[in-house]
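The structure appears right after this line, and notes come after that.
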Amino acid sequence: MKKIKLLSLVTVAVLGASALVACGPQGGEEELTTVRIGLHENFGAGAGYSAINQGFFEEEGIKAEPILGGGPQLAASVVEGTIDVSFMGNGVAWNYFGENEEIKLIALDNLTDDDRLIASKAGKGKDLTINSTLTEIATALKGSKLAFDATKTPAAFWSSLVAAMNGELVEGQKVWYEGQNGEKLPTGLTDADYVAANQVTVINTSDANLTTSMQSGEYDFCISFSPVATTLEKDTEHFTVVAKTSTHLEADSYTPSTWAVNAKWLASNEETFKKFMRGLVKGMNFRNANPEECTKDVEAVSAGKVLASSLDTTIAQWLNAEQQLEIINNGDALKYVENIRNSQLAGDNAGKVSDKVTAEKAADFSYLKEACEALK
C-alpha cells in the first residue's frame, strides 16, 4: 500500500495539474498526471480512498492528490476549478443543475440506507416504532421540533419522506415546514395545508451536534447518519429509529451520493479523465468485495483523521462495475438523477435549480459505462 501525502484545500488551491515521473511496477519510469480529488471524511467516498491507497489510480497513470473536506467546501472547489473531481453528497447536489453548468455528474456512488428519522422517547414521537405507518409518523411530527444538517444527505431524505407522508394525507392535513429563507415547503400545497397545526419546526444543525442536543431533549426528532445515527440508535432507552429509506420510502426513491467533475477541466483533459474513471471503478469493485479493507484505506489516506473502527460498512449498497452497468442500461441511473433533482426542488436551494438543466443534461454516464465495461 502507498503512503499518501494529504493536501489541504488551502494548499491545493495554489497547485496546477502537472505531469510527473514515477517508478512503474517493473522499476521503469512512467509519466503520471496529477488529478486533484475531493474526498468526504466518511465511507461514502471509500471507492476513491481505495483507488488511492491500493494503487489503482497509479496503475492507470494517475497521480492522485487527495483533498479532504466537507460537502459545501468541496463542491465550491469543484465549481471554481481548484479541485478536478470530487465525491459529492446530495446536500450540495443543486450545483449539478445550475444554469452555468460548471460541473457534471459523472457517476453514482452507492444506494444508501444511512439517513434515518430518530425519535426521542421523551418527545412527541415517543410512541412510534420502525413499524409505524407514514400517517402515524406525520401525526407525531406535526407541532414537533426536528433537527438535521440541511447541507447534507438528510435534507434529501426529509423531502422524500415529506412527499411520501403527504401522499397518504388528505387536503388540510399535510405536513409542511419553513425553509432556511422562511419560505413554506413543500411548495404546491393549499392554504388549508399551511396552517400552524401542521407545521414541523425544522432546525438546521450539524450532524456532530445532534448527540448532545438530542440527549438534552432539545428536539423531538432528528435525521442523522453514521456514525452519529448509530450512536443514537444503540441507545434504545432514550431513542428509536422510526423511518429509513428501506422501510418507508419506495425503492426507486434513492437519492445517491455521486461523483462530480469540473466541466472545463474535463473538456481539456478527457484522456486523463478516462484513466481516472478506470481507477475509480477499480476502487468501487474493491470496496464492494472488501468493505473492511476499504475502511483501512480511508484511515490510511486520511492519515488517521478518519478511523477505520468508526466506519459503518452496512449502511448502503456499494455499487461495483456490474451493478453500475445494470442501472445505466435499465434506466435506473437517470431515474436516480431525477430523484436528486426533485429533492433539490423541494428543498432550500430550489431557486438555484435551472429549468433548462434536466437530469439528462446534468449527468454524463458515458465515461463510467466505458470504464465499467472494461473492468467488470
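Note that the coordinates shown come from a computational prediction; the quantities given were computed from them, not determined experimentally. Below, each value reflects all heavy atoms present in this structure, side chains not excepted, and no hydrogens, waters or symmetry copies.
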Salt-bridged, [X] to [Y], with N to O below 4.0 Å?
X: Lys274; Y: Glu271; value: yes
X: Glu178; Y: Lys184; value: no
X: Arg278; Y: Glu60; value: yes
X: Lys296; Y: Glu293; value: yes
X: Glu58; Y: Lys63; value: no
X: Lys104; Y: Asp364; value: no

Can any side-chain N or O of [X] pair as donor or acceptor with the backbone N or O of [Y] at less than 3.5 Å?
X: Trp259; Y: Val85; result: no
X: His248; Y: Ser132; result: yes
X: Asn90; Y: Ala155; result: no
X: Arg287; Y: Tyr49; result: no
X: Asn95; Y: Val92; result: yes
X: Asn100; Y: Glu102; result: no
X: Glu65; Y: Thr34; result: no
X: Asn339; Y: Tyr254; result: yes
X: Asn349; Y: Lys352; result: no

If you round to the nearest 0.5 Å, how far is [atom2] of [Y] from [atom1] of [X]?
X: Phe97; Y: Ile340; atom1: CZ; atom2: CD1; answer: 6.0 Å
X: Leu311; Y: Asn42; atom1: CG; atom2: CG; answer: 8.0 Å
X: Leu111; Y: Ile327; atom1: CG; atom2: CD1; answer: 6.0 Å
X: Cys294; Y: Gln54; atom1: SG; atom2: CD; answer: 8.5 Å
X: Thr255; Y: Leu249; atom1: OG1; atom2: CG; answer: 9.0 Å
X: Asp114; Y: Ser246; atom1: CG; atom2: OG; answer: 11.0 Å

How far apart are the closest heavy atoms of [X] and [Y], and which atoms are they?
X: Phe221; Y: Leu141; result: CD1-CD2, 3.6 Å
X: Ala243; Y: Leu161; result: CB-CD1, 4.4 Å
X: Gly98; Y: Ser354; result: C-CB, 4.2 Å
X: Gln324; Y: Leu108; result: NE2-O, 2.7 Å
X: Ile83; Y: Gly38; result: CG2-N, 3.6 Å
X: Val228; Y: Ala208; result: CG2-CA, 4.3 Å

Could you please spell out the steps behind the side-chain contact (heavy atoms from CB on, under 4.5 Å) verdict for Phe43 and Asp312? CA-CA 7 Å; Phe43 194 69; Asp312 187 349; over 6 Å; no
Does [X] reach the side chain of [Y], with side-chain heavy atoms less than 4.5 Å apart?
X: Glu101; Y: Lys361; answer: yes
X: Val78; Y: Phe87; answer: no
X: Ile328; Y: Leu368; answer: yes
X: Glu292; Y: Thr313; answer: yes
X: Leu146; Y: Leu117; answer: yes
X: Val200; Y: Trp176; answer: no
X: Val241; Y: Ile118; answer: yes
X: Asp115; Y: Thr245; answer: no

Would one find more than 12 heavy atoms of other residues, nucleotides or ligands at under 6.0 Å from atom [atom1] of [X]?
X: Asn329; atom1: CG; result: yes
X: Glu360; atom1: CD; result: yes
X: Lys121; atom1: NZ; result: yes
X: Asn330; atom1: CG; result: yes
X: Glu373; atom1: CD; result: yes

Verify same cluster id: [X], [Y] (apolar side-chain graph, 4.5 Å):
X: Ile103; Y: Ile67; result: yes
X: Trp158; Y: Leu210; result: no
X: Phe286; Y: Trp318; result: no
X: Leu280; Y: Leu68; result: yes
X: Leu375; Y: Met284; result: yes

We want to know whether Asn53 and Ser50 form a side-chain donor-acceptor pair, criterion being a heavy-atom distance below 3.5 angstrom. no
Qualifying side-chain hydrogen bond (donor to acceptor under 3.5 Å, both in side chains) pairs with a residue from residues 218-235, counting only residues at least two apart or across chains: Arg116-Glu233, Asp207-Ser224, Asp235-His238
side-chain hydrogen bond (donor to acceptor under 3.5 Å, both in side chains): which pairs involve residues 194-206, sequence neighbours left out?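 Counting only pairs at least two positions apart or across chains, the side-chain hydrogen bond (donor to acceptor under 3.5 Å, both in side chains) contacts touching residues 194-206 are Ser206-Asn209.
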Output, in order, the C-alpha distance, side-chain angles, deciding distance and verdict of side-chain contact (heavy atoms from CB on, under 4.5 Å) for Thr272 and Trp265. CA-CA 10 Å; Thr272 296; Trp265 180 85; 4.1 Å; yes
Sequence neighbours left out, what pairs pass salt bridge (Lys or Arg N to Asp or Glu O under 4.0 Å) with at least one residue falling in residues 160-177?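 Matches after skipping sequence neighbours: none remain.
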For the pair Ile52 and Asp297, evaluate side-chain contact (heavy atoms from CB on, under 4.5 Å) and give the outcome as yes or no after the intermediate values. CA-CA 8 Å; Ile52 294 170; Asp297 292 334; over 6 Å; no
Residue pair Arg341, Tyr96: steps toward the side-chain contact (heavy atoms from CB on, under 4.5 Å) verdict: CA-CA 9 Å; Arg341 190 177 190 279; Tyr96 290 126; over 6 Å; no
